[in-house]
Amino acid sequence: MVHQPSSQARLSPSSDTADMAEMSKVLAPRLAYFAGVARTEHVTRAAQEMNVPQSTLSRSMARLEQDLGVDLFARRGRTVSLTPAGRTFLTSVERALAEVERAAEEVRADADPTTGKVAFGFLHTMGAETVPGLLHAFRADHPRVRFSLVQNYGEAMLERLRAGELDLCLTSPVPEAPDLVARRLDEQKLRLVVPADHALAGRRRIRLAEASDETFVTLEPGYGLRRITDDLCKEAGFKPRIAFEGEEAETLRGLVAAGLGVALLPPPAFPRPGVVELTVTAPRAAREIGVAWLEGHPDTPPVAAFKRFLLSRRGSLLPT
C-alpha cells in the first residue's frame, strides 16, 4: 500500500512546551502498542499479548497514523503488515523503547536497597581521610551499595544538589536556605599555618591579631573557607593582605612552605614538611561541617540508609 499524508496531521513544529509534554504522554504508550502490533502482524494477537482491549489497540494505531500523517500498516482484516514508512518508524521505535527500558533498569538498580547508588559530594579537605573512613564504616553493613563521589567547594555542591546531581553533600559552612535541609555534624578547628623558618614558627599558640601584618594565601572567593578566613580576620581587627588565591587547601600549604605567606587551614590528613601549624586562641577559629540535601526530595533506600549513618556520626564525624 502506498502511504499518503493524512489531511489532519497533528504533529507540527511548536514552541508550546505544555502541548509537547501532553503529546509525549499520549504518544509514549502508542509506541509500545505499535511495536507489539508490528511484531505480531495481527491486532487480535497483539491485544491478547499486551493484555489490552482490541478496540483500544486499533484506536491507538489509527490515532498514531493520524498524528504522524502517514500509513504505518497495510490492513487485511485482523492481519496487518508494515508499510515502508512503518518499517522505517519501527527501527527508531524499537531503539527508543530499548533505551527507555535500559534507563528504567538503571534507575531501578540505583534504588535497590542492597546494591543501589548514592551520589555524594564533599569538600576537597575531607577527601584524604574523613570520607574514606566514613565509606569504610558504612560499607561494613552495606557492602554492595555503590557511590558516585564528587569533590568540590561548598557553593558548587549546593548547585549540584539543586540540579538533582547529588543526593547528599558534606559542606561548610552549614547552609541556611529554604530549599535545603542541613544538619550540623561536627566542628573542625582551624590553624594558622606558617613557614618552618618564620619568626612565629617557634610559637605553639597565637592570637590572630598578631598576624595582621602577614601576607596571606587563601582559597578563592566563593569558597566557604575563604569566607571564614575573611570573617575571622575582620573579627581580629584587620583585613588580610592576600598574595595568592587557590582552589585546594594542600596547595595553599605548599605555598606557605615555599615562604609565600601564611594561611588559616584545617588540620592536614598527614603532616606537611616545611610548615608549622599554630593554635589560634582568639578569635575562636573553627568551621562547622554539616550534611545537606534538597528539601522534599524523596530518598531511595540506599540514600536514606547513608543519611541515617551520617546523622548517627554527629559529634564524631571527623578523625581525632
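Please read all numbers here as calculations on a predicted model, not as lab measurements.
Using a 4.5 Å heavy-atom threshold, the side chains of Thr215 and Leu260 count as separate. Between Glu155 and Leu158, the closest side-chain pair of non-hydrogen atoms falls below 4.5 Å. Inter-residue side-chain proximity for Arg253 and Val193 is flagged as met; some heavy-atom pair is nearer than 4.5 Å. Annotation: side chain of Val217 is not in contact with side chain of Thr251 (no heavy-atom distance under 4.5 Å). Thr279 places none of its side-chain heavy atoms less than 4.5 Å from the side chain of Arg191.
When the shell of 6.0 Å around CZ of Arg102 is examined, it contains more than 12 heavy atoms from other residues, nucleotides or ligands. In Arg139, the CZ atom is crowded: over 12 heavy atoms of neighbouring residues, nucleotides or ligands sit closer than 6.0 Å. Under a cut-off of 6.0 angstrom, the local environment of CZ in Arg284 is sparse, with at most 12 non-hydrogen atoms contributed by other residues, nucleotides or ligands.
Side-chain polar atoms of His124 and Glu247 form no donor-acceptor pair below 3.5 angstrom. Side-chain atoms of Thr281 and Arg205 include no donor-acceptor pair closer than 3.5 Å. A donor-acceptor pair shorter than 3.5 Å cannot be found between the side chains of Thr218 and Glu245. There is no side-chain donor-acceptor pair under 3.5 Å between Arg75 and Ser58. Side chains of Arg30 and Ser60: a donor-acceptor N/O pair is absent below 3.5 angstrom, by distance only.
One finds the CZ atom of Arg45 at 6.0 Å from the OG1 atom of Thr40 (value rounded to the nearest 0.5 Å). Here Ser81 contributes atom OG and Arg76 contributes atom CZ; the two are 4.0 Å apart, rounded to the nearest 0.5 Å. One distance of note links CG of Leu310 with CG of Leu170; it measures 6.0 Å at 0.5 Å rounding. Taken to the nearest 0.5 Å, the CG atom of Leu135 stands 7.5 Å off from the CZ atom of Phe122. Taken from CD1 in Ile242 to SG in Cys233, the straight-line distance is 8.0 Å, to the nearest 0.5 Å. Interatomic distance, Thr229 OG1 to Lys234 NZ, rounded to the nearest 0.5 Å: 14.5 Å.
Thr125 pairs in a side chain to side chain donor-acceptor pair (under 3.5 Å) with only one of the listed residues (Gln151, Arg287, Glu248), which is Arg287.
We find that Asp230 and Arg226 are joined by a salt bridge, their nearest charged nitrogen and carboxylate oxygen being less than 4.0 Å apart. Comment: Arg39 engages Glu49 in a salt bridge, judged by a side-chain N to carboxylate O separation of less than 4.0 angstrom.
Ring geometry, Phe309 versus Phe306: the interplanar angle falls under 30°, so the pair is classed parallel (tilted spans 30 to 60°). Ring orientation note: the planes of Phe216 and Phe238 are tilted relative to one another, at an angle of 30° to 60°.
Judged by distance alone, with hydrogens and angles left aside, the side-chain atoms of Glu65 form a donor-acceptor pair with the main-chain N or O of Leu72 at under 3.5 Å. In terms of modelled atom types and a separation under 3.5 Å, the side chain of Ser212 and the main chain of Leu208 share no donor-acceptor contact. With hydrogens and angles disregarded, a donor-acceptor distance shorter than 3.5 Å links the side chain of Ser172 to the backbone of Glu288. For the pair Glu210 (side chain) and Arg207 (backbone), a donor-acceptor distance under 3.5 Å is present. A distance-only check finds no donor-acceptor pair linking the side chain of Asp71 to the backbone of Phe73 [under 3.5 Å]. The backbone N or O of Thr115 sits less than 3.5 Å from a side-chain atom of Arg146, completing a donor-acceptor pair. The main-chain N or O of Ile289 is never found under 3.5 Å from a side-chain atom of Asp186 such that the two would form a donor-acceptor pair. In this structure, Asp167 contributes its side chain and Ala119 its backbone to a donor-acceptor pair below 3.5 Å.
Here the closest heavy-atom approach between residue Ala46 and residue Gly36 is recorded as CB-O, 3.8 Å. Summarising the geometry of Leu161 relative to Leu166, their closest heavy-atom pair is CD2-O, 3.4 Å, with the distance given to 0.1 Å. In this structure, Ala35 and Leu90 approach most closely via the heavy-atom pair CA-CD1, 4.2 Å. The minimum heavy-atom distance linking Val37 with Met50 is given by the pair N-CE, 4.4 Å. Tyr33 and Met61 make their closest contact through CB-CE, 3.5 Å (heavy atoms, listed as atom of the first residue, atom of the second, distance). Of all the heavy atoms in Pro195 and Gly259, the pair that sits closest is CG-CA, 3.9 Å.
Within the 6.0 Å centre-distance limit, the rings of Phe89 and Phe34 are counted as a close aromatic pair.
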Let me see the working for Glu165 and Arg162 under salt bridge (Lys or Arg N to Asp or Glu O under 4.0 Å), right down to the final yes or no.
-> CA-CA 8 Å; Glu165 298 172 10; Arg162 292 182 170 109; over 6 Å; no
Are Val80 and Val43 close enough, and set up right, to give a side chain to side chain contact (heavy atoms under 4.5 Å, CB included), and what steps lead you there?
-> CA-CA 7 Å; Val80 296; Val43 177; 4.1 Å; yes
Can you check salt bridge (Lys or Arg N to Asp or Glu O under 4.0 Å) on Glu277 and Arg272, steps first, answer last?
-> CA-CA 10 Å; Glu277 310 214 357; Arg272 173 70 185 249; over 6 Å; no
Residues Leu190, Leu232; criterion side chain to side chain contact (heavy atoms under 4.5 Å, CB included); working and verdict | CA-CA 10 Å; Leu190 303 179; Leu232 287 172; 4.2 Å; yes
Could you go step by step and tell me if Val118 and Val145 meet the side chain to side chain contact (heavy atoms under 4.5 Å, CB included) rule?
-> CA-CA 8 Å; Val118 180; Val145 169; 4.1 Å; yes
List the steps, then state whether side chain to side chain contact (heavy atoms under 4.5 Å, CB included) holds for Leu134 with Arg313.
-> CA-CA 9 Å; Leu134 289 171; Arg313 302 294 289 244; 4.2 Å; yes
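Cluster annotation: Leu219 and Val280 are assigned to the same hydrophobic cluster (Ile/Leu/Val/Met/Phe/Trp/Tyr, side-chain heavy-atom contacts under 4.5 Å, transitive). One hydrophobic cluster, built from ILVMFWY side chains closer than 4.5 Å, holds both Leu278 and Leu225. Hydrophobic cluster membership is shared by Val70 and Leu82, with clusters built from Ile, Leu, Val, Met, Phe, Trp and Tyr side chains linked at under 4.5 angstrom. A chain of hydrophobic side-chain contacts below 4.5 Å, direct or via other Ile, Leu, Val, Met, Phe, Trp or Tyr residues, connects Val181 to Val303. No continuous path of ILVMFWY side-chain contacts below 4.5 Å connects Met126 to Val174, so the two sit in separate hydrophobic clusters.
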